[in-house]
There are 2 protein chains.
Amino acid sequence: MARKSGSRADVTGPAIRRAAETLFAKHGYAAVSMRQIAAEVGVRAGAIYLYTPGKQTLLFELMRDHLEALLEEVGRASADDGPVNELNAFIRCHVGYHFDRRDAVFLAYMELRNLSAENFALIEGLRRKYEDQLERILVDGKREGCFAFEDSRVVTMALIAMLAGVHVWFRDGGRLSRNEVEEIYADLARRMVAAT
Amino acid sequence: MARKSGSRADVTGPAIRRAAETLFAKHGYAAVSMRQIAAEVGVRAGAIYLYTPGKQTLLFELMRDHLEALLEEVGRASADDGPVNELNAFIRCHVGYHFDRRDAVFLAYMELRNLSAENFALIEGLRRKYEDQLERILVDGKREGCFAFEDSRVVTMALIAMLAGVHVWFRDGGRLSRNEVEEIYADLARRMVAAT
DNA sequence: GTCTATAGATGGATAGAC
DNA sequence: GTCTATCCATCTATAGAC
């Protein structure tokens, strides 16, 4: 007797988040109306407010959930087995996310401007954690003599920008397989840090 | 008797474009109102329509003018003196633009979604020209044995994404000079294509 | 849980006075 | 050339019927 038969609460909520993610990624947060999201789900605009306090929260939670999942996965992937392998795992993990969660990845770095001040601070904290995780791999590798570069901060930002750019050209079912794309980017990253 | 004294036509027009560029870059095209732009300039919303047919045209012309200027400058900078030098010039030129025209660079790859269909096609054409110019340098270099990489298209996109990412962290008057930033990125690019 | 209806605010763009 | 005033569309969010 867990749920009412005929109830859609467990279906509509996730559907709203999925629709918001798709539409925000496609047209941008500010250009999407609650009516559009509702239409995509198949309900009226008013019904959305049963599942979220508003549009801003919808955006914030999409970004937060994605970044937390990404952080956890990167943390798992780059377990302690040497800077070269850790860098490899980090890159493949991020690139792989473009295959699995394309829109979420896109939102997380395109819609920062549209977060309220306090939500921005929270999301920025998660992003910073993510950047720091990569930078720590680089610094460790340099100290151990696996990598060679001048400025760890700039290289970190260059790597992350390069990864974020995957969304611009990558299309599912294109000429390159997931594994090929991951390998090309991992290779570029190794070159950038002069991995031995 | 060239111009009416007291007239501001030659001042207000450019001021509107500058204000639009700043505000669009800061808050996003869709989140900025004509009233905000007018307030920044010091006129009323209605006055803006004396200088542009509308908001969409304002965005389009900002992007077009920037891309045309960038294309011309890149074309001049990378005159025919070998792939390694051409790549160098291309990278330094693009990075340098983040110092001179920060907001314009940002707009040109952040606001594609908000262009009308026909404006998008025109801007996309200019972007494609820019990408092709870089890819040609890479392909030439590979053929001549200066560069070594697998996939010229992916490397091109990776390089452009890396360059575009400068805006995320770069601030005027930061710890790195213009020349240092240009050199770091040129160095990263040479590593990515295994320049000899 | 979802609907219709609507409040209340704000948007782009235009008309006409000065 | 700029202003005030305004039209009309659309927006987020809420109230209340079912």
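Protein chains get the first letters and strands the later ones, always in sequence-line order, with residue 1 at the start of each.
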Asker: If you only use heavy atoms from C-beta on, which nucleotide in C:dC3, C:dG1, D:dT2 is closest to the side chain of A:Val43?
Answerer: C:dC3
Asker: Using a cut-off of less than 4.0 Å, is there contact between a side-chain N or O of B:Ser33 and OP1 or OP2 of C:dG11?
Answerer: yes
Asker: Between A:Arg44 and C:dT2, is there a contact of a side-chain N or O with OP1 or OP2 at under 4.0 Å?
Answerer: no
Asker: Going by side-chain contact (heavy atoms from CB on, under 4.5 Å), A:Leu159 matches just one of A:His94, A:Met192, A:Glu135. Which one?
Answerer: A:Met192
Asker: Touch check for B:Val32, heavy atoms < 4.0 angstrom, all strands: base, sugar-phosphate only, or nothing?
Answerer: sugar-phosphate
Asker: Please indicate whether B:Gln56 has more than 12 foreign heavy atoms, meaning atoms of other residues, nucleotides or ligands, lying under 6.0 Å from its CD.
Answerer: yes
Asker: Look at B:Arg143 together with B:Asp140 and state whether they make a salt bridge at an N to O cut-off of under 4.0 Å.
Answerer: yes
Asker: Do A:Phe106 and A:His98 have ring centroids that are under 6.0 Å from one another?
Answerer: no
Asker: For every nucleotide of nucleotides 13-18 of chain D, 5' to 3': is a protein heavy atom under 4.0 Å from its base (B), only from its sugar-phosphate (S), or from neither (-)?
Answerer: BB----
Asker: Using a cut-off of strictly less than 4.0 Å, decide whether A:Thr12 has a side-chain nitrogen or oxygen near OP1 or OP2 of C:dT2.
Answerer: yes
Asker: Please determine if B:Glu21 and B:Arg18 form a salt bridge, counting it only when a charged side-chain N lies under 4.0 Å from a carboxylate O.
Answerer: no
Asker: Report the residues that fulfil side-chain contact (heavy atoms from CB on, under 4.5 Å) with B:Leu176, sequence neighbours left out, ordered by chain and then residue number.
Answerer: A:Asp151, A:Val154, B:Trp169, B:Glu180, B:Val181, B:Ile184
